[in-house]
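Report on the following structure.
In the text below, chain A, chain B and the rest are named by the order of the sequence lines, each starting its count at 1. Quick caveat: nothing in here was measured; it's all calculated off a predicted structure.
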2 protein chains.
Amino acid sequence: MAAATPRRQPTLDEVAERAGVSRSAASRVINQAPHVSRATREAVERAIKEMGYLPNRTARALATRQTGIVALAVSHDDPELFADPFYAQIIVGVSSVLEDTDLHLLLCLASSGRGRSRLTNLLRTRGVDGIMLMAMSEDDPLNRIVSQAGLPAVYGGRPSHFEPQWYVDSDNLGGARLATEHLVGLGRTRIATIRGVLGSEAGDARYRGYREAMVMAGLTPHGVVEGDFTEAGGAAAMRTLLDSHPDLDAVFTASDNMAAGALRVLTEAGRSVPGDVAVVGFDNLGIAERTDPPLTTVHQSIQALGKEMTRMLLALIAGQDRTSVILPTRLVLRGSA
Amino acid sequence: MAAATPRRQPTLDEVAERAGVSRSAASRVINQAPHVSRATREAVERAIKEMGYLPNRTARALATRQTGIVALAVSHDDPELFADPFYAQIIVGVSSVLEDTDLHLLLCLASSGRGRSRLTNLLRTRGVDGIMLMAMSEDDPLNRIVSQAGLPAVYGGRPSHFEPQWYVDSDNLGGARLATEHLVGLGRTRIATIRGVLGSEAGDARYRGYREAMVMAGLTPHGVVEGDFTEAGGAAAMRTLLDSHPDLDAVFTASDNMAAGALRVLTEAGRSVPGDVAVVGFDNLGIAERTDPPLTTVHQSIQALGKEMTRMLLALIAGQDRTSVILPTRLVLRGSA
DNA sequence: CCTATAACCGGGAGCGCTTCCAGTATTTCG
DNA sequence: CGAAATACTGGAAGCGCTCCCGGTTATAGG
């Protein structure tokens with residue numbers, strides 16, 4: 001039960017010596033560089049296998065100026081917001097594409113000023129090869145740092161009022177339009193909306209989509225209330241909506257959580273869904289299947305968002321150019337509309 | 001709008017030159033080492049400020065053999081399980097203590113064999129200074145690697161049938177006993193349990209706690225069914241329980257999610273809660289407040305678990321010894337019992 | 001068979017930092 | 001005031017790798 005003596009890992013020099021070649025030659029076979037004879041390659045490969053050699057990441061990083069690490073930074077004032085399953089999904093997506101590379105993922109929850117300055121240092125000391133940023137507000141000092149650092153950086157979700165060079169976002173506008181058009185197609189004419197919080201890009205874009213679809217259909221918004229993306233917020237919003245526009249016959253809600261709250265309030269108020277009023281949500285979270293009735297909603301794949309961000313970052317690190325991408329959304333029909 | 005030319009970061013040599021001292025002297029002031037005169041220190045500090053110098057992490061890592069990075073590894077066959085809010089809470093806890101250090105967090109979702117071998121390499125190449133492991137099964141090859149690597153390693157949640165040298169866990173056993181004793185104190189005598197999945201440490205420990213409390217009270221288990229920790233699983237379990245033991249008057253459920261399912265089935269079956277049957281859950285997740293009636297449950301702080309794991313790891317890295325810790329749990333009284 | 005070309009090889013200079021050590025300046029104290 | 005202790009200092013040797021470059025050997029071509 002004695003702890004195995006942590007035998008020191010062999011170095012490249014030792015491998016080279018055992019293989020009877022120079023360190024340069026050994027390095028070449030490891031990096032699959034050209035100009036290495038068959039005999040040399042085999043000798044080195046044998047030595048590597050026999051000694052269980054693995055190149056030291058740090059030394060390699062110092063020599064190549066590449067750390068083999070990418071960062072995912074979530075900049076929020078409230079660290080609790082990270083608990084939103086949204087980020088877990090992002091991470092699953094990111095990890096799945098990283099898994100086929102030899103890059104690792106550094107996770108930075110930069111909430112406090114201290115956290116942000118740690119992140120700044122990390123970038124300036126070239127501690128990572130690239131970075132993915134989420135939930136950045138337009139005035140976050142990180143934006144400046146990131147662009148100054150001259151480091152590949154992709155944004156997840158386009159920040160409002162600020163167009164970064166590279167970002168990946170879901171088609172919030174298109175999805176909202178889809179949802180609203182569906183309501184219109186159902187023959188509804190008094191369509192309200194519970195919009196997301198003002199100033200959040202997703203909230204704004206979904207609201208624009210709603211408006212555009214209304215205009216196209218020759219309708220005017222029939223009640224607009226702001227919610228905070230939570231279930232409780234959706235419930236509250238629905239109550240004020242019922243007060244101000246008791247005759248509404250449909251509502252487009254900018255998130256499933258808010259839709260769930262709205263649904264609850266509607267049935268409590270004696271309105272049948274979708275009979276009296278049709279409801280459609282946004283996100284297609286698990287909760288959408290468990291509401292009563294099940295929620296018709298706009299699907300966005302968060303894992304796909306994470307994957308696409310990562311692919312883009314890898315391309316940038318490899319020196320390729322890329323253009324920002326908007327991921328499609330689609331309508332999922334269930335019982336509520 | 002031209003991208004700022006990413007000016008190369010100054011090196012220690014340049015700082016030393018500007019300060020008119022040797023590199024060694026400059027290094028000493030940066031590392032707050034002794035034997036540096038006041039004049040030298042001030043000259044170097046001024047140079048650092050003027051040039052905006054920041055030590056290069058990689059070079060320092062190579063010289064000190066310390067990377068300044070710790071890993072959090074979640075080893076699951078199903079990457080989706082990472083989406084459980086449990087891990088997000090862990091990460092929030094971990095990050096909050098890391099924030100006061102200059103260590104960064106590497107997140108490894110090691111699901112596939114590929115992911116696991118990446119992790120193995122990371123450890124063997126000394127890519128991290130220490131590691132926190134979660135959700136390890138006893139036969140995971142990682143266990144061997146970790147102990148062989150001779151690297152500080154703390155487990156989150158003691159794996160079943162395997163006692164690692166350092167771990168942090170919630171007091172699952174004590175919590176379950178508390179819950180069951182509460183039921184006993186309420187005068188209930190026909191107490192069933194929906195236990196967690198067999199072979200999971202948490203599930204087993206909570207079950208043992210239930211049994212111990214029953215024995216202490218001179219009662220015998222009145223129905224034991226296994227659930228899978230999900231709401232649906234809890235509902236199914238409750239149904240079979242109602243079939244086999246229709247006269248039960250209480251049930252201890254090994255998770256809030258399962259309890260929510262059980263609650264639903266009970267009211268559907270016409271049993272009043274807590275009138276006919278009292279229910280207590282485990283975890284104190286958000287859902288516990290939203291069930292009908294609100295769920296009496298055992299609280300465990302997952303963030304605290306993350307924090308404690310991190311503190312322990314930091315201590316180990318610093319060369320201090322530590323002993324494993326069990327975090328207390330407590331009963332939260334709500335309407336269901 | 002001899003030269004032009006290409007394939008291969010190892011020496012060595014980094015990458016940017018820490019740290020040991022021998023040497024010099026400064027105290028301290030008998 | 002001189003010797004022993006002490007505080008500083010900079011040179012230099014790493015840490016383990018990559019990669020340029022001049023030199024050597026194999027291949028081709030005339």
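Distance, R8(B) CZ to dC15(C) C1': 11 Å, rounded to whole Å. Nucleotide dC17(D) holds its P atom 15 Å from the CG atom of D102(A), rounded to whole Å. Nucleotide dG22(D) holds its P atom 15 Å from the NE2 atom of H35(A), rounded to whole Å. Atom CZ in R126(B) sits about 14 Å away from atom P in dC17(D), given to the nearest Å. Atom CG in D13(A) sits roughly 11 Å away from atom C1' in dC15(D) (whole-Å rounding).
By the salt bridge (charged side-chain N to carboxylate O under 4.0 Å, His left out) test, R116(B) pairs with D77(B), D140(B), sequence neighbours left out. Legend: residues meeting salt bridge (charged side-chain N to carboxylate O under 4.0 Å, His left out) with R158(B), ordered by chain and number and at least two apart, are E163(B), E201(B). Listed by chain and number, the residues in a salt bridge (charged side-chain N to carboxylate O under 4.0 Å, His left out) with E42(A) are R38(A) (sequence neighbours excluded). Annotation: salt bridge (charged side-chain N to carboxylate O under 4.0 Å, His left out) contacts of E45(B) (sequence neighbours excluded): none. For Y53(A), the ring-ring contact (aromatic ring centres under 6.0 Å, His included) test picks out no residue, with sequence neighbours left out.
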Indicate every side-chain donor-acceptor pair of residues 313-320 of chain A with a distance under 3.5 Å to a residue at least two apart or in another chain.
none

Let me have the donor-acceptor pairs involving side chains of residues 101-108 of chain A, under 3.5 Å, with sequence neighbours excluded, atom names and distances please.
| unit_1 | atom_1 | unit_2 | atom_2 | d |
| --- | --- | --- | --- | --- |
| T101(A) | OG1 | L98(A) | O | 2.7 |
| T101(A) | OG1 | L103(A) | N | 3.0 |

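Residues E308(A) and L327(A) have side chains in contact (heavy-atom distance under 4.5 Å, counting atoms from C-beta outward).
Under the 30°/60° scheme for interplanar angles, the aromatic rings of Y155(A) and F162(A) are found to stand perpendicular.
V168(B) pairs in a side chain to side chain contact (heavy atoms under 4.5 Å, CB included) with only one of the listed residues (V325(B), T310(B), I326(B)), which is V325(B).
No hydrogens or angles considered: a donor-acceptor pair under 3.5 Å links the side chains of T67(A) and D129(A).
Of the residues in residues 37-50 of chain B, those placing a heavy atom less than 4.0 Å from an atom of DNA chain D are S37(B), T40(B), in numerical order. Taking every heavy atom of residues 21-29 of chain B and every atom of DNA chain D, pairs under 4.0 Å involve V21(B), S22(B), R23(B), S24(B), A25(B), R28(B), by number. Applying a 4.0 Å cut-off to non-hydrogen atoms, the residues of residues 54-68 of chain B that approach DNA chain D are L62(B), A63(B), R65(B), listed by residue number.
Sequence order on DNA chain D of the closest nucleotides to P34(B) and I30(A) puts P34(B) first from the 5' end.
With the end axes of the helix from dT5(C)-dA26(D) to dG30(C)-dC1(D) each set by five pairs, the angle from one to the other reads 40° at 10° resolution.
A side chain to side chain donor-acceptor pair (under 3.5 Å) check over residues 89-100 of chain B, counting only residues at least two apart or in different chains, returns the pairs S112(A)-E99(B), Q89(B)-Q303(B).
Around CZ of R114(B), the count of heavy atoms belonging to other residues, nucleotides or ligands within 6.0 Å exceeds 12.
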